[in-house]
Structure formats: structure tokens, C-alpha cells
Number of protein chains: 2
Amino acid sequence: MANTQARPTLADVAARAGVSKSLVSLVMRGEPGAGTDTRRRVREAADELGYQPDSRARLLRSGRSRLLGVVFGIQHAFHVDLVTALYTAARDRGYELALSAVTPDRDEAEATAGLLQDRCEALIMLGPQTPAPALAQIATRLPVVVLARGVRGLDVIRTADADGLHQAVDHLALLGHQRIAHIDGGRAPGAADRRRGYREAMHAHGLRRHVQVVPGGLTETDGATAAHTLLDDNEPPTAVTVFNDRCATGVLDVLARAGARVPDQISVVGFDDSHLARLAHINLTTIAQDVPAMTELAVARAVDRINGVAVAHPTSVVAPHLVVRGTTGPPPA
Amino acid sequence: MANTQARPTLADVAARAGVSKSLVSLVMRGEPGAGTDTRRRVREAADELGYQPDSRARLLRSGRSRLLGVVFGIQHAFHVDLVTALYTAARDRGYELALSAVTPDRDEAEATAGLLQDRCEALIMLGPQTPAPALAQIATRLPVVVLARGVRGLDVIRTADADGLHQAVDHLALLGHQRIAHIDGGRAPGAADRRRGYREAMHAHGLRRHVQVVPGGLTETDGATAAHTLLDDNEPPTAVTVFNDRCATGVLDVLARAGARVPDQISVVGFDDSHLARLAHINLTTIAQDVPAMTELAVARAVDRINGVAVAHPTSVVAPHLVVRGTTGPPPA
DNA sequence: GTGAAAGCGCTAACAT
DNA sequence: ATGTTAGCGCTTTCAC
């Protein structure tokens, strides 16, 4: 249970195989320039000793870490989805991820500082709350790519939030809904754009007088509160678009307890298509953010910056799309 | 936006402050042995240059990383709670966390391999699925602490799962319930012990003939399925203990949709006291795992092993406790 | 209280 | 195809 023996080094392997360190180095990295027989002997020696290269030393010497730092909110369902996809995207381009979580007890500054010391080659920040100037300051030291939040002058990958709400309202209007409300995300990243999209779409459908924006937020609790507000209404809406899926589950929960049948009495549309929405018993109609596209763009952008490739447009906007599931239907007769 | 300038090194700071590298090294680490005035000058020079020590070089030289590797399932609500607390526990002992997530596309072996290369001084694995022999193999290379799963011969920190279910059944029996069912966790870590605790407690209360174990699982979907099974019953139970909170939310959701009032018609008890259970609209009565105690023990154990401290008992068991919220009450008359 | 020198494990540049 | 040398940025002796 104790690990008393010191780890073998490259020199140990070299001695055992009877060759120089350089050869071992080449073989371990799979580079050409070593004879077939030498190759085999080195491999054997390494296996026998249980040798594992020390990435710190390796990266210190080569001057690169091939590490992308990721700052994310571990409590956010959608961030979890993004991180999952980022792992894949990074691996495809030969990079590793260094995760640094924001928790109630560990703020963004602390999470970011850790990654800077690890000599990540770039930072990918998910929906950061850090003020734009502070982000810009960090960006003078290494490339920073911001995901899911708009920040002027920085590399940003984001969803066409307003467009998403157009799609949501279009869908509901087509089903025949008129009294369509929006539970918004307050100051959360993307909330302003989604609110705007909702308003524009309502206007476009001639439903201006039915516009109703209810204060909400990012969490289940925010959704629950907003749902109570809606139910207290004399003439509650027949459909509601919600800032995100997590908030929408709070809404659904309160509706179910109040005996309001979904979608017969009221339709609900979420946003994100996070894993929450796909759960069989939730089965939420939602606006899907294109996670694979966003994460691949984010990694690609980070790598481009690392390599000094010129970038035409710092902001990339990804189209969302409607996913119809079980929480939307025609309005009650 | 490009980071053209090279990062400043310790030598740069030394030159700027007009002192030797050694002094700068001392000051940056907050070690004693430098004059007050020198200290100030060094600090200034470092700030002006925006110097950040290179952790790789630092650790390479000192032979230590002060890094604890954590392998966790990013999709699991309870793991998220544990990671959050681990950050705090590690910081209190002067360690950092290196996170490596298990995702649908990235298995435990891959997550673990990454951390081994980073020269973590110990590994903390949350509810690992890796077979015991493979874990033991890793443990020959560095200290491994397993959280939330029992593994013979390894360092384990776990909750007294059976005891937790005793408390749940006691609570329900005291309220007057007799037909108490258990939705189990299948092959999940801890599931067998919780099932056993349920059976024992039912026997202790003379409710042997009411024992009913329904197949469940870890996720919301598993809970939803199990709830349907219960509702199809001729004589459904008046109370149900569920493997974990996540699964319990699925149960609650289905019950609400079916018009079953909680707790008037049926009481529900979860397990974990994850952040899910505390949400105002869920308000789930549950068996709380003592997350601060578990994480502190885990970090303490890892640090003890790193320092070669003798450990009397490899397995530490932490007591859970009942948290009564809104989903339990007396059985229907 | 301060500085000079050695070297952590590895890769890169230059031999042979 | 193989070996030798230097040095990444830092901490650690050991002098002064």
C-alpha cells in the first residue's frame, strides 16, 4: 500500500536497455530514428521497470504543455455537457484539458490562477462572470476563448440566443398559442439576448400585447418561483419559454404539483438541450445549443491563437435548433 | 490579443529587483530568510512584470507536486458535491486538486492515466468502477484513496450505508408507516449495503412481510421507471426509501404527474443530501452523507500515506444522518 | 541576510 | 542509427 520505491527515470531505462537516454526518449515518443531491435529492447526495459515519462520535465524542456485550461461552474448542468464535449474536441487536436472548477467556495479568480501556474497554452472560460477588463488583462498573457458569453474584443464562441427564442416562439405560435410568456435569466450570460429574441418574435407574430416577461434565473429554484408567479395570474399564459433547461425543470415541477397538465393546459420550452432535457420523464421541448460545434470551434480557436494563426472574426456565432419533445402541444380549447 | 511576449522568469525578476534568484525564490514562497526591504522590492518587481512561478519547474526541482489527483463522474450530482468540498479540504492542507473527469466518452482508465503522468502524489477516486485488482495495481505506484465504495485492502472512506437506511425506516415507522418499499441502486457502489440495511430495519420493526425491493438505479430515469412500477401495484406502499436523491427526483416527478400527493398519499426518502435534495421545490427528506467529514478524511488519509504515516484502519466509516424535509409525513388514514 | 552553483528528468541540437 | 552536451525554470545546498 506504500509506494516506497522511487519512480524509474529515463536514465534507468537507458541503463537497463544498454543505450543512451536520447534513444529511449525517441522510442517513448514514437519518433523515427531508432533501429527496430533497439526499439524492442527499450520497450521491454521500460515495461519491466514500469517506467512512465514525467510530463512535467518533458513539458518544461520542450517549452510546451499541450494543455488547455478550462474554467467552469461545476454546478451547471450545461457546463458539464460542454466539458464532456471539450475533452473529445481537445483530444482530437492533440491537447489535454486541465480542469479548474468554480464552486461556491472557490471563485473564478482562484480557479484561473491555478491554470496560469500550470502553464496552460490557452484558457477556455465557460460563461465567465469576471468583468471584461479583467478578462482582457488575462488575455494579454495567453489566448483566452470565452464560451457562452459575449465579451467585446475577446475570442468568443456563442449561440445565436435571440434566434433560438425566435424558433421557440415560432413553434408555439404555429401550434396556435397567443399568450406566450418568457421566464428570463436575469443577468445571466445570454439572458438579455434571449429576452430580446422573445420580444422580437412576439412582435413579428402580432402578439405584442401578450408579451409577458417574468423574472427568473438559472436554477431550478428560480424556475419554481417564476412558476408560482404565473399560476397566481388571473389569466395565465398557455405557453412559456424558459431561460434554460435547468430553470424549466423547476417550472415543470411546480406545474405538476399544482395539477396543471403539460402540455394540455400549458406548454413549456427550455433552452440548452442539456442532459436534463433528454431524461425520459422530463422529455422537454427545448432549443438545443450545438455543443459539438461550439466546443470544436472553441478548441480550434484556442489552437489557432496558440499557433499565431490570423483570425478573421473574433466572435463565432453558432445556430441553435428546436428539438420538439413532449412538453409542447396545441393550446387548450 | 496575441501573447507575443515570453513569460517572465525568476531570473527576470531577480535582475529587475537587483538581487539573486535565491532571494526571489524565498520571497515568492513566503519563506523566512529575506530582509523586509528586499522582500518589498522583490514583490514590486514581480508585480510589475506580472511574474507567475512555473509550477512544473518548481515541482520538478522540489520533487513534489503537492497535487492530489481526483477521478470523478462529472454527471453525478453527489460527486460534484464531493469535489466542491475536496477543493476546500485540500487547500486547508496545502494541496491542490488535479481534476480528471469520467464522461460517457472518457473512461476511468483514461481519466486515471492522465493523472499518473502529472505526478500527482496521491489519487482520490470517487465511486470508481475499476475492478479491485486494477485499483490495487495502481496503488502499488502511489497512494490511492477510494471514496464511496468499499474495496478490500485499499484505503476507503465511506458512509455507513446500512445505518442510513435504518434511520430512514425508523423515521417512517415512527410516523406510522408499514408498507415501506425500497427502490434500490442495482450494482451501484453502496447499493448492496443500503438494500441490506433496509431489510434489517424492516425486520427489526416487525415489518418483514411488507419488505418490497423495486429495481432502480442511480439516475432520474431509473427512479421514474421504478415509480411507474409502484403505481401499477394493487396495494402500493405508503412510503418509499430511494437509493439516492437523483433517483428520488425521478420518483417524485412521476408521482406528481400521476396526481399522487407527497407526503399525504406517499412519503419519499432519498439518500446523499446532494444539492438536488435541498432545492426549495424538491425539499426532499433524505439521509445526508457527511460530505465535509468524508472529504477531510480522504484528504487526511492521502496526506498521511504520502508522508508514510502508519494507518491503523484502512477503512473509515462515516455516520450519515436523517434530514427531515417536506416529503415525509404520516401515512394516509 | 544574501549569492553562487548544482541538478530535478527530460528533449533538442549537435556530434559521430 | 546512436551518443554527447546543454539547459528548460526552479529549489536546494553551501558558502559568505
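Here is the naming used below: chain letters follow the sequence lines, and residue numbers restart at 1 for every chain.
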Send over the distance from [X] [atom1] to [N] [atom2], rounded to a whole Å.
X: A:D12; N: C:dG9; atom1: CG; atom2: C1'; result: 10 Å
X: B:D54; N: D:dC8; atom1: CG; atom2: C1'; result: 9 Å
X: B:R66; N: C:dC8; atom1: CZ; atom2: P; result: 21 Å
X: B:R7; N: D:dC10; atom1: CZ; atom2: C1'; result: 15 Å
X: B:R64; N: D:dG9; atom1: CZ; atom2: P; result: 24 Å
X: B:L59; N: C:dC8; atom1: CG; atom2: C1'; result: 11 Å
X: A:L10; N: D:dG3; atom1: CG; atom2: P; result: 13 Å
X: A:K21; N: D:dT4; atom1: NZ; atom2: C1'; result: 10 Å

Please state whether the phosphate of [N], meaning OP1 or OP2, lies under 4.0 angstrom from any side-chain nitrogen or oxygen of [X].
X: A:S20; N: D:dG3; result: yes
X: B:T38; N: C:dT2; result: yes
X: B:R58; N: D:dT11; result: yes
X: A:S25; N: C:dT11; result: yes
X: A:R29; N: C:dA12; result: yes

For this session: Rounded to the nearest 0.5 Å, what's the gap from CZ on B:R149 to CG on B:L135? Could you check?
Result: 6.0 Å
Problem set entry | First of A:S62 and B:T36 reached from the 5' end of DNA chain C, by closest nucleotide |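 Of the two residues, B:T36 wins.
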Distance only, no hydrogens: is a donor on one side chain within 3.5 Å (strictly under) of an acceptor on the other, for [X] and [Y]?
X: B:T84; Y: A:R106; answer: no
X: A:S62; Y: A:R58; answer: no
X: B:S316; Y: B:R158; answer: no
X: A:R246; Y: A:T219; answer: no

Exercise. Hey, is the side chain of A:R61 pairing donor to acceptor with the base of C:dG9 inside 3.5 Å?
Worked result: no
Exercise. So what does A:T9 hit on the nucleic acid, given a heavy-atom distance under 4.0 Å: a base, only sugar-phosphate, or nothing?
Worked result: sugar-phosphate
For this session: Describe the nucleic acid contact of B:G35 in one word from base, sugar-phosphate, nothing, applying a heavy-atom distance below 4.0 Å.
Result: sugar-phosphate
For this session: Could you check which of D:dT11, D:dT2, C:dT2 has an atom nearest any side-chain atom of A:A34?
Result: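 Of the options given, the side chain of A:A34 lies nearest D:dT2.
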